[in-house]
Amino acid sequence: MSLGERSFFVPFSTLANLFKKPETIAYPKEDLDVHGVKGPSLKYRGMHANDHDVCIGCGNCSTVCPTAAINMISTGVNDAELTGANAQRPTVDYGRCCFCAFCVDACPSGSLTMTREYIFTRASEKESPLEELIWKCDEFTLEPGSRWSENPGWQCHGEETWLDLERSHMEHMTPEKRVGSFIEFVLGFTKEEALREAARCIECGICTKTCPANMGIPEYIRGIYDNDLEESVRVMYETNPLPGICGRICTHKCESVCAISHKGEPVAIRWLKRYAIDALGPDKVAEIASSAKEMFSPSGKKVAIIGAGPAGLSAAYYLSTMGHGVTVFERMPKAGGTMRYGIPAYRLPDESIDNDVRAMAEMGVDFRMKTRVGTDVSFESLRKDYDAVLVAVGFPMGRSTRIENHDHPDTGLAILLLNQIRLGEEIPVHENIVIIGGGNVAMDIARSMARLQKVKYGKVSIILTCLEGEGEMPADNEEIEESIEEGIIINPGWAPKAIELDDDGKIKGLKCARCLRVFDENRRFNPKIDEDDLTFYPGTQVVEAIGQASDYTFLSEDDLAAMGHERGRFKVSDGMDSGLKGVFIAGDIVHGPDVIHAVADGHKAARSIDTLFNQG
Amino acid sequence: MNAYALLGIKLIGVSFGSMAVGLLFMGLGRKVTARIQRRMGPPFYQSFIDVIKCFTKTSITHNFVMDLGIIMALGGLIATAFFIPFANFSILGSSSVVIVLYLMSIGYLGMAMGVSASGNPNATIGISRALALMMGYEIPFVMVIMAMLITYNSSDLLTYAVAQSNGIGSWHIWKYPLGFIAVEIAFQAMVGEAPYDHMIAPAEIASGPMVELSGKYLGIGFLLHAVQLYVETGLIVNLFLGGASSWYVMLVKMFAVYFTTLSINAVMARYRIEQGIRHLWIWAGSFGLLQLIYTRIWG
Amino acid sequence: MSDNILARAGKMHGDKIECREKYKAQLEIKTHRDYVLNLLTWLKSERYVHLSFMSCIDWIEENEFELVWHVFSYESKNHILVKTRLNREKPWMHTAINIWPHVQPYEQEIHEMFGVYFPGNPDLSGLFLHNWLDLPPLRKDFIAKDYSLALYTTDALGLTPPFDDIDIVEITAEESRDGE
Amino acid sequence: MYLPDGYTTLDKISENDDYAVYDLFFGPNHPGMHGNFGYVLDMVGTEILRVRPNAGQLHRGFEKAMENKLWAQNLSLIPRVCVPDPDPNEVAYCQAVEAILGVEIPRRARYIRSIVLEMSRLGSFLMGMGGVGGALGHYSTMYLMMIDRDLILDLFEALTGGRVYHIYNIPGGVRRDIPDGWTDKLLELCDRLESKLPEWDRLLYENPVVQDRLGGLGYISAEEAMSSGITGPSLRACGVKADVRIDTPYAAYDEIEINSKLSEGGDALARAVQVRLDFEEAVNIIRRLVKQLPDGDYKLDLGNISKLRVPKGDAYSKVEASKGEFGYYVVSDGGLKPYRVSVRGPSMPAGMYLCHKHLRGMKIDDVAVWMASFAICPPDIDR
């Protein structure tokens with residue numbers, strides 16, 4: 001022990017403190033300013049504040065709260081009508097809260113914060129009896145709102161969050177490599193990557209609400225996370241009989257509202273679905289798909305479905321699980337509709353469609369291929385022979401801009417060209433191509449043409465132009481990005497005026513004018529064009545990809561009118577039934593081209609048909 | 001107004017006056033201790049607030065003996081206060097220091113009776129420590145008093161005051177320096193400040209006698225301490241510091257004595273009880289004895 | 001591994017033990033219940049003088065308890081986890097208080113929290129729990145939430161607590177040996 | 001009832017008319033007790049005849065509660081195992097989880113953890129030394145040290161948002177990076193704390209009354225201390241050079257020089273002095289850590305932490321806390337929640353075992369001082 005001697009007098013040196021300033025403060029009169037501000041530090045974890053406009057009601061705060069102090073309460077708004085949010089907000093029970101701020105660190109929208117307020121008083125009668133005080137403990141439960149938000153403390157923005165903001169890495173082919181072939185270029189998740197991606201999901205369920213088919217997305221992601229792929233696929237088949245297809249080409253509205261997308265990249269819901277289906281293998285998937293049928297006994301009713309696209313297949317699957325006999329009429333040689341004959345193989349290889357269709361065929365769905373309703377079999381006879389008819393013909397035809405020289409032999413309609421490519425037919429490919437259109441079909445044809453060009457000429461020279469300005473293009477962002485990666489030049493915001501010909505009568509290029517706006521105040525299609533601002537895109541081939549149309553020649557005028565036909569589409573009730581008895585409509589011809597909507601429609605139609613049968 | 005009424009008024013005045021002075025000292029003492037510990041400390045009138053608050057609370061009594069003991073302690077100490085000349089004011093005209101010493105112990109005995117009746121072992125240990133410690137400090141104290149008795153052949157505090165009235169030079173502190181040191185050490189134990197705060201000793205016996213005192217009893221406990229401070233500081237001022245000619249000088253001197261005590265209290269830890277008594281006997285006792293021998297032989 | 005303890009342990013105890021290095025300076029030795037005390041004595045003689053603590057794990061699916069002694073040497077700086085498995089039905093283990101006397105409160109705690117009996121330990125009285133009649137609480141089949149729900153809801157309704165009819169089986173030393 | 005040698009049972013004594021034995025409950029309501037723990041003392045007069053530790057009043061069941069929470073959620077509960085010194089708990093638990101995960105955290109995170117640990121140690125030592133002072137009735141040291149502890153807490157508040165429960169470590173690193181200018185404030189605080197040491201020496205360690213009280217109290221020999229599980233400053237006070245930071249380096253301690261001085265004597269005074277020596281060294285360690293603080297990430301990306309899944313396995317991780325070796329033995333069955341978390345607290349050997357030996361024959365005066373000198377912290381007994 002090296003400390004000094006004992007001495008009676010040394011301790012008295014402390015008495016000098018009498019003449020020093022005290023280090024404590026008289027609290028209510030003055031406050032600490034050790035942190036550069038009066039009061040607690042700027043990171044203080046005090047009471048909560050919540051920005052209700054930013055909050056999406058995902059409930060993750062409640063999930064991570066270690067003391068179960070946070071409960072979600074309903075805001076009384078109709079939940080289903082909200083987009084990208086749940087109609088619930090957190091309440092904090094300050095009798096339980098331990099002020100750990102995990103809720104703040106785990107908040108995906110960043111709306112929940114903590115403040116520098118730490119004193120909570122409540123009004124109460126002075127002489128309230130003890131029992132009353134005990135039962136008043138729920139007064140400590142507060143709904144954090146704008147209260148105290150002017151005194152911010154612990155916040156969480158960016159990388160400090162508990163959430164995993166970046167998508168798990170997934171192998172893609174490089175643009176150089178993939179543009180040379182029609183092989184699927186997204187390679188899918190490995191198991192580790194999928195587990196990591198599945199762990200990013202916070203299971204808020206906003207995606208389920210947004211999905212047209214209301215798929216149980218958190219549940220099947222949970223299945224993947226728990227490494228229980230069978231459960232995962234079973235959940236998928238409850239609402240979507242085409243998971244293998246949707247896992248590749250779904251328009252994933254779910255991902256655009258994903259809670260994680262507020263701060264980072266949304267969970268790759270589509271790729272996770274694809275992973276689950278691919279990892280489990282087609283045999284197992286078909287087994288799970290057909291297992292649903294065992295719950296129902298055959299009803300003896302028969303349904304005819306016109307068109308083997310997503311809506312038709314979806315309806316066929318669910319009708320078949322409900323025990324009804326199903327016959328599908330398809331004019332093409334194989335089932336799949338636009339998915340098979342419109343979408344290029346690099347996005348959706350044939351095996352995926354075959355696997356999903358195979359599950360249905362095994363359940364006893366009768367597929368009549370190369371049978372065109374109207375020519376091979378009449379619509380009236382279907383109505384007569386079957387208990388119900390579902391029209392799900394989709395949009396197999398293209399639409400033209402009808403500008404000058406649109407009928408030149410070197411022009412083409414995207415959907416028909418894609419169709420031909422898929423059928424393996426040779427199509428003309430020029431060295432310089434101009435494409436009109438900004439949707440996913442335009443991207444598909446641009447990228448398909450790019451691949452053909454690459455094979456034929458060794459380089460890509462495609463200009464894509466559309467009415468919509470940058471950021472308004474209807475195509476998926478990733479499609480646009482990948483197209484640019486593959487060498488396609490995209491010039492949005494231009495309205496095509498005319499296809500100009502050179503002296504030989506060959507196409508010289510496309511003349512365009514600046515498009516100022518596409519929709520008017522009423523959200524109607526009403527482009528406004530600045531005729532003075534012109535540009536010219538050179539090219540010897542022009543492809544139009546501005547929309548699709550259907551072929552209703554098998555229906556009589558009376559039928560069309562009765563079924564609510566209007567400008568190429570049908571207006572139907574919630575049950576998908578048309579004006580004609582026993583005739584139902586589903587798919588693109590109701591909601592426009594969208595695979596997941598079509599699947600949802602098919603399911604709805606199946607349920608209405610089942611209800612119809614049960615009624616009588 | 002007859003003489004009895006006047007005496008009654010005086011007695012009541014001294015009772016409340018001594019409490020007020022004691023409480024004021026306690027408040028100032030808390031402020032001083034706080035400053036030594038570099039704290040703001042409570043306001044100087046905090047002790048008054050504490051006592052008033054205590055008297056508004058409901059209190060728990062264990063039995064009649066407890067009530068009686070506590071009242072007896074307060075009564076004994078207030079009776080002592082009557083004998084302490086405050087400046088040149090004295091109720092009884094003469095006040096023997098022997099009576100003061102005798103009455104002072106009634107305070108502790110009453111306390112002992114009261115809190116022992118509560119049956120809490122902590123309180124019992126505390127009060128038994130206080131009584132044990134009394135043996136430690138009374139003996140040196142009495143030795144010094146004996147020295148004074150030898151010199152003046154009188155036990156009257158007023159006699160001592162008259163003898164010290166010729167300026168600072170005539171104070172007993174110079175005449176009985178060893179005795180003063182002995183009494184200072186004993187005084188530290190008398191008021192129960194460190195290193196002799198065995199009676200309270202929170203970390204050891206949970207505040208000892210105070211542990212069973214609630215509400216009004218705790219208020220009386222505060223008052224006991226206040227009167228005790230008044231009596232003991234007043235006694236030392238009268239014995240050694242020349243008494244006083246005016247009330248404010250008296251107050252200042254009394255507080256100076258208390259301040260010294262507080263300073264030691266603030267920087268010292270607490271002895272074990274046997275260490276404490278030994279220490280008192282060895283140091284205070286030997287100084288007192290030396291003073292007694294010196295006075296007897298050369299004084 | 002400055003003192004090469006695993007190799008020497010292997011040489012000394014042969015197939016009685018199963019040892020491996022888990023992490024840096026953290027070793028694991030598994031052995032049979034009857035061999036634990038031999039091993040611990042040997043380890044202490046090898047200057048593994050510090051018994052950090054003792055813990056127990058309820059492997060309910062395997063119907064076993066696992067006891068872990070944490071032993072450390074101030075010389076070789078190795079931390080050894082000595083593990084053994086007990087049958088969950090009638091668990092008992094020789095006490096180690098003759099090797100490390102301060103293991104007594106740990107054994108007392110494990111007895112209380114898991115119901116493992118330590119013949120030879122003179123004090124296995126309850127330490128933490130008050131008037132406890134239910135299963136030992138750290139066992140996996142004791143569900144804290146159910147317990148409190150059952151206890152407090154019935155209590156509030158003035159009913160008898162649900163575990164009034166549960167027979168608490170005290171295992172004595174003789175019984176525990178019989179059970180083997 | 002387990003009795004170390006030399007005991008006679010209570011009944012025997014009760015039969016003897018010369019003694020009157022009574023129980024004194026030295027429990028949570030007692031100002032000398034540190035928290036929710038108690039000793040039932042069988043007393044003869046003021047002398048202790050026998051002691052019965054009375055745990056179980058914390059009512060929290062940390063180990064069971066941890067089995068029912070997610071890996072990350074447990075971090076809000078873990079600092080509560082030791083209130084004055086919470087960070088060693090967090091670090092030990094996180095290290096055990098990281099060991100099972102098999103990940104290495106970034107170097108900066110390791111340094112930040114070390115800084116936080118040392119700050120926590122300083123705060124705890126101040127409370128410990130102040131506690132010894134308080135137990136001795138020497139309240140000035142206690143208050144003066146509390147003031148300095150508060151300054152440490154201010155820095156914790158600026159770093160972690162919380163004063164007492166920092167909840168700052170997570171598996172993979174720490175929750176926030178060090179804010180700008182914080183290290184300068186920390187160095188200023190180090191200077192201040194160091195400048196305070198002479199005052200404390202004069203006030204506490206050279207005080208004759210303190211030396212009289214502490215000298216010889218609760219003596220334990222080096223050999224006995226080692227074999228009865230005593231760790232940390234209490235073991236070093238017996239002259240044994242044992243320190244987890246040196247023996248099994250964790251966080252950034254393998255890159256930092258630690259020159260702990262040892263006091264000798266093995267009694268309460270030596271333990272109090274050892275704490276003061278360690279305090280001085282901890283201030284220096286913080287300076288070295290700040291000087292060498294590297295740039296880089298402050299946490300490892302482990303994905304969504306609330307869905308962290310730890311593979312099957314077990315690991316023991318220990319940390320040198322201010323009171324001794326704090327260890328977490330974590331067992332995972334590969335799930336979302338720990339299968340078992342077993343806490344090794346530094347107080348168990350002294351508080352539950354040595355008390356039988358030391359308190360026998362001791363006067364009631366010394367019980368609180370003895371507890372303070374061994375820095376017995378009840379929550380890690382009653383966990």
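Numbers restart at 1 for each chain; the letters A, B, ... are given by sequence-line order, proteins then strands. Note: hydrogens, waters and symmetry copies are ignored here, and every other heavy atom, side chains too, is used.
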Undergrad: Between A/Asn17 and D/Leu144, is any pair of side-chain heavy atoms under 4.5 Å apart?
TA: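 Yes. Closest side-chain heavy atoms under 4.5 Å.
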Undergrad: Sub-4.5 Å heavy-atom contacts with chain D: which residues of residues 263-272 of chain A show up?
TA: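 Hits under 4.5 Å: none found.
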Undergrad: Checking heavy atoms, do the side chain of A/Arg196, its backbone, both or neither come under 4.5 Å from chain D?
TA: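 For A/Arg196, the side chain is the part near chain D, not the backbone.
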Undergrad: So which residue, D/Ala72, D/Gly265, D/Pro79, D/Gly181, ends up with the most heavy-atom pairs under 4.5 Å with chain A?
TA: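 Ranked by contacts with chain A, first place is D/Ala72.
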Undergrad: Which atom names give the shortest non-hydrogen contact between A/Cys201 and D/Asn304, and what distance separates them?
TA: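 In terms of heavy atoms, the two residues are closest at O-ND2, 4.0 Å.
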Undergrad: Using salt bridge (Lys or Arg N to Asp or Glu O under 4.0 Å) as the criterion, point out the one residue from D/Arg176, D/Lys299, D/Arg175 that pairs with A/Glu160.
TA: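 For A/Glu160, the salt bridge (Lys or Arg N to Asp or Glu O under 4.0 Å) check succeeds only for D/Arg176.
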Undergrad: Between D/Lys307 and A/Arg222, is any pair of side-chain heavy atoms under 4.5 Å apart?
TA: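 Yes, at least one pair of side-chain atoms sits under 4.5 Å.
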Undergrad: Name the region of D/Leu159, side chain, backbone, both or neither, that has any atom closer than 4.5 Å to a heavy atom of chain A.
TA: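 It is the backbone, since no side chain atom gets that close.
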Undergrad: Which of residues 56-69 of chain A get closer than 4.5 angstrom to chain D, counting heavy atoms alone?
TA: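 Checking residues 56-69 of chain A against chain D gives A/Thr63, A/Val64, A/Cys65, A/Pro66.
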Undergrad: Could you go through D/Ile167 and A/Arg45, starting from their C-alpha distance and side-chain angles, then the distance that decides it, and tell me whether this counts as side-chain contact (heavy atoms from CB on, under 4.5 Å)?
TA: CA-CA 11 Å; D/Ile167 316 181; A/Arg45 304 193 305 245; 4.0 Å; yes
Undergrad: Which answer fits A/Trp154, side chain, backbone, both or neither, if we ask what part of it has an atom under 4.5 Å from a heavy atom of chain D?
TA: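 Just its side chain gets close to chain D.
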Undergrad: Name the option with the most non-hydrogen atom pairs under 4.5 Å to chain D; the candidates are A/Asp226, A/Leu42, A/Ile260.
TA: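 When all of A/Asp226, A/Leu42, A/Ile260 are compared, A/Asp226 has the most.
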Undergrad: Is there side-chain contact between D/Ser76 and A/Phe102, with heavy atoms separated by less than 4.5 Å?
TA: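 In short, these two side chains touch, coming nearer than 4.5 Å.
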Undergrad: So what's closer than 4.5 Å to chain A heavy atoms on D/Asp177: side chain, backbone, both or neither?
TA: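 The backbone, not the side chain.
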Undergrad: Taking atom CG of D/Asp184 as the centre, report whether more than 12 heavy atoms of other residues, nucleotides or ligands fall under 6.0 Å from it.
TA: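 Atom CG in D/Asp184 is crowded, with more than 12 foreign heavy atoms closer than 6.0 Å.
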Undergrad: Let's test your reading of the structure: which of D/Leu204, D/Leu336, D/Asn74 forms the most heavy-atom pairs below 4.5 Å with chain A?
TA: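 Top option by heavy-atom pairs under 4.5 Å: D/Leu336.
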Undergrad: Would you say that A/Cys98 contacts D/Arg80 through its side chain, given a criterion of any heavy-atom pair below 4.5 Å between the two side chains?
TA: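 Side-chain contact under 4.5 Å: yes.
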Undergrad: Looking at D/Val209, D/Asp154, D/Ile147, which one has more heavy-atom pairs under 4.5 Å with chain A than the rest?
TA: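 Going by pairs under 4.5 Å, I would pick D/Asp154.
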Undergrad: Who wins among D/Gln274, D/His166, D/Arg163 for the most heavy-atom pairs under 4.5 Å with chain A?
TA: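 Most pairs with chain A among the choices: D/His166.
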Undergrad: Measuring heavy-atom distances to chain A, does D/Arg309 have an atom under 4.5 Å in its side chain, in its backbone, in both, or in neither?
TA: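 Both backbone and side chain.
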Undergrad: For A/Glu23 and D/Arg192: C-alpha separation, side-chain torsions, deciding distance, then whether salt bridge (Lys or Arg N to Asp or Glu O under 4.0 Å) applies.
TA: CA-CA 13 Å; A/Glu23 302 211 38; D/Arg192 184 197 150 110; 2.9 Å; yes
Undergrad: Does atom CG of D/Asp295 have more than 12 heavy-atom neighbours, drawn from other residues, nucleotides or ligands, at distances under 6.0 Å?
TA: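 No, the 6.0 Å shell around CG holds no more than 12 heavy atoms from other groups.
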Undergrad: With a cut-off of 6.0 Å (strictly less than), are more than 12 heavy atoms of other residues, nucleotides or ligands near NZ of A/Lys21?
TA: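 Open.
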Undergrad: Which value, rounded to the nearest 0.5 Å, describes the distance between A/Tyr44 atom OH and D/Thr160 atom OG1?
TA: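 A/Tyr44 OH to D/Thr160 OG1: 10.0 Å, rounded to 0.5 Å.
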Undergrad: Taking side chain as everything from C-beta outward and backbone as N, CA, C, O, which of these in A/Phe12 sits under 4.5 Å from a heavy atom of chain D? Side chain, backbone, both or neither.
TA: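 Answer is neither: A/Phe12 stays 4.5 Å or more from chain D.
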Undergrad: Using non-hydrogen atoms and a 4.5 Å limit, figure out which bit of D/Ala237 sits close to chain A: side chain, backbone, both or neither.
TA: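 Nothing of D/Ala237, per the 4.5 Å heavy-atom cut-off to chain A.
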Undergrad: Considering residues, nucleotides and ligands other than A/Glu166, do more than 12 of their heavy atoms fall under 6.0 Å from its CD?
TA: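 Counting other residues, nucleotides and ligands, CD of A/Glu166 stays at 12 neighbours or fewer.
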Undergrad: With rounding to the nearest 0.5 angstrom, report the CD1 to CG distance, D/Ile305 to A/Asp105.
TA: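 Here the interatomic distance stands at 8.5 Å.
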Undergrad: Among D/Gly303, D/Gly335, D/Pro179, D/Gly162, which residue forms the greatest number of heavy-atom pairs with chain A at distances under 4.5 Å?
TA: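 Answer, by heavy-atom pair count under 4.5 Å with chain A: D/Gly303.
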Undergrad: What part of A/Ala198 lies closer than 4.5 angstrom to a heavy atom of chain D: side chain, backbone, both or neither?
TA: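 The answer is the backbone of A/Ala198.
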Undergrad: What distance separates D/Leu153 CG from A/Ser41 OG, expressed to the nearest 0.5 Å?
TA: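 Between atom CG of D/Leu153 and atom OG of A/Ser41 there are 12.0 Å.
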Undergrad: Identify which part of A/Thr161 has an atom lying under 4.5 Å from any heavy atom of chain D, answering side chain, backbone, both or neither.
TA: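 Backbone only.
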Undergrad: Side chains of D/Arg202 and A/Thr14: closer than 4.5 Å at any heavy-atom pair?
TA: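 They are not in side-chain contact.
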